[in-house]
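As structure tokens, the structure follows; a few thoughts come after it.
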Amino acid sequence: MRILIDCDPGHDDVLAILLALAHPEKMTIQGITTVAGNSTVEHVTENILKVLDFIGVSIPVAMGCARPIRREPEPQPMAHGESGMDGPVLPAAKSKADQRHAVVFLQEEIMRQSEPVTIVSLAPMTNLAMLLTTYPEIKPHIKQICMMGGSLHGGNILPRSEFNIYHDPEAAKIVFESGIPIIMSGLEVCAEAKTMLKDFEPLKHGGRVSRLAYELMDYYSGYARERGWDYTNVFDAVPVAQMIQPELFSGAQYRIDIETEGALCRGMTVAQPCEDSFPERCVTVLEHGDGIRFSELMLDALRILDQTQPD
Ligand code: RIB
Ligand code: CA
């Protein structure tokens, strides 16, 4: 399966990309596009270029939208630091981003494939909305969108809104109304896909990739440790894990509408069980996941990459 990953690295974005890289038998990353979210689009682009250089992997990276369609950017330094990936100290990237804007890159990369491509969305959906609006003929060439975002009940930025949707609700509305098949990993399934902090401790003695993952998790789990939690949620790794081992997850079909107004509910994903009357709007929403096996999958991936990308 050829995939394109749209992201805002982002500690959990990076771990999701590492998980994908460890399973070439399941997926090939054709390209990575970046968008403003956790930090500025410049920062998140530099972050992924640094990571790919550091682990010795060459994948085209194209920088995308610097701001949401309508809203002001709201970076998340409290979770990811000013850079969007505080913690690891990596050499400056030698690789350069593709000259094309992410939206042009996505259009050209998708159209040159003989088979429809899967898009993995791990960030605000600004690039994807611009792609679908600018090039509506692209839709049949997109097999599905596997995305992290939204929720059935909870919120992590507002009481009922998750960050990726909240940051650009107008973009999410365009994507969820596009008719493209979507597999949504929302906050509920991410909450069950826990990663235990004790499992990451030994990684600091591992290979290059494990040490990077340890430094990412050491910073990223600070929020959890401050609250006395012994786990953290690697949100963005969940849609990738579902593509690798779907049997770890279960879900149901819902119609998802995006609230774009309201001070309290902006970015809320309003879910209705999919009756026959909504067939064209049905989205697969993951609701449950096997947290232990998810964590094993993540740790196994790092061990694999320590072998394939040695020091
Ligand atoms: O709500 C979690 C999402 O917001 C993840 O994609 C994380 O990287 C942040 O962007
Ligand atoms: Ca992200």
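All heavy atoms count here, side chains included; hydrogens, waters and symmetry mates do not. First listed ligand is number 1; within each ligand, the first listed atom is number 1. Note that the numbering runs from 1 along the sequence shown for the chain.
- Heavy-atom contacts from other residues, nucleotides or ligands closer than 6.0 Å to CE of M27 number more than 12.
- Other residues, nucleotides and ligands contribute over 12 non-hydrogen atoms within 6.0 Å of the CD atom of E137.
- Across H288 and E192, no two heavy atoms sit closer than the pair ND1-OE2, 2.7 Å.
- Its side chain outside the 4.5 Å cluster rule for every partner, Y219 clusters with none of the Ile, Leu, Val, Met, Phe, Trp and Tyr residues.
- Annotation for I29 and A20: closest pair CD1-CB, 3.9 Å, computed over non-hydrogen atoms.
- For a distance threshold of 3.0 Å, the protein N, O or S atoms nearer than that to the Ca ion (ligand 2), listed by chain and number, are D8 OD1, D13 OD1, D13 OD2, L122 O, D236 OD2.
- Taking the ring pair (Phe, Tyr, Trp, His ring centres under 6.0 Å) definition, one finds that Y135 meets it with nothing, sequence neighbours left out.
- Note: L197 CG to M217 CE = 6.0 Å, rounded to the nearest 0.5 Å.
- Closest approach of D199 and S295 over heavy atoms only: OD2-OG, 3.9 Å.
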Pairs of nitrogen or oxygen atoms, one from ligand 1 and one from the protein, closer than 3.5 Å: please tabulate them with distances.
{"unit_1": "ligand 1", "atom_1": "1 (O)", "unit_2": "N156", "atom_2": "ND2", "d": "2.8"}
{"unit_1": "ligand 1", "atom_1": "1 (O)", "unit_2": "E162", "atom_2": "OE2", "d": "2.5"}
{"unit_1": "ligand 1", "atom_1": "4 (O)", "unit_2": "N164", "atom_2": "OD1", "d": "3.4"}
{"unit_1": "ligand 1", "atom_1": "6 (O)", "unit_2": "L122", "atom_2": "O", "d": "3.0"}
{"unit_1": "ligand 1", "atom_1": "6 (O)", "unit_2": "N164", "atom_2": "ND2", "d": "2.9"}
{"unit_1": "ligand 1", "atom_1": "6 (O)", "unit_2": "D236", "atom_2": "OD1", "d": "2.6"}
{"unit_1": "ligand 1", "atom_1": "6 (O)", "unit_2": "D236", "atom_2": "OD2", "d": "3.1"}
{"unit_1": "ligand 1", "atom_1": "8 (O)", "unit_2": "D12", "atom_2": "OD1", "d": "2.7"}
{"unit_1": "ligand 1", "atom_1": "8 (O)", "unit_2": "D12", "atom_2": "OD2", "d": "3.2"}
{"unit_1": "ligand 1", "atom_1": "8 (O)", "unit_2": "D13", "atom_2": "OD1", "d": "3.0"}
{"unit_1": "ligand 1", "atom_1": "8 (O)", "unit_2": "N38", "atom_2": "ND2", "d": "3.1"}
{"unit_1": "ligand 1", "atom_1": "8 (O)", "unit_2": "D236", "atom_2": "OD2", "d": "3.1"}
{"unit_1": "ligand 1", "atom_1": "10 (O)", "unit_2": "D8", "atom_2": "OD2", "d": "3.1"}
{"unit_1": "ligand 1", "atom_1": "10 (O)", "unit_2": "N38", "atom_2": "OD1", "d": "3.0"}
{"unit_1": "ligand 1", "atom_1": "10 (O)", "unit_2": "N38", "atom_2": "ND2", "d": "3.3"}
{"unit_1": "ligand 1", "atom_1": "10 (O)", "unit_2": "N164", "atom_2": "OD1", "d": "3.1"}

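- A cation-pi contact, defined as under 6.0 Å to the ring centre and within 45° of the axis, is absent between R281 and F176.
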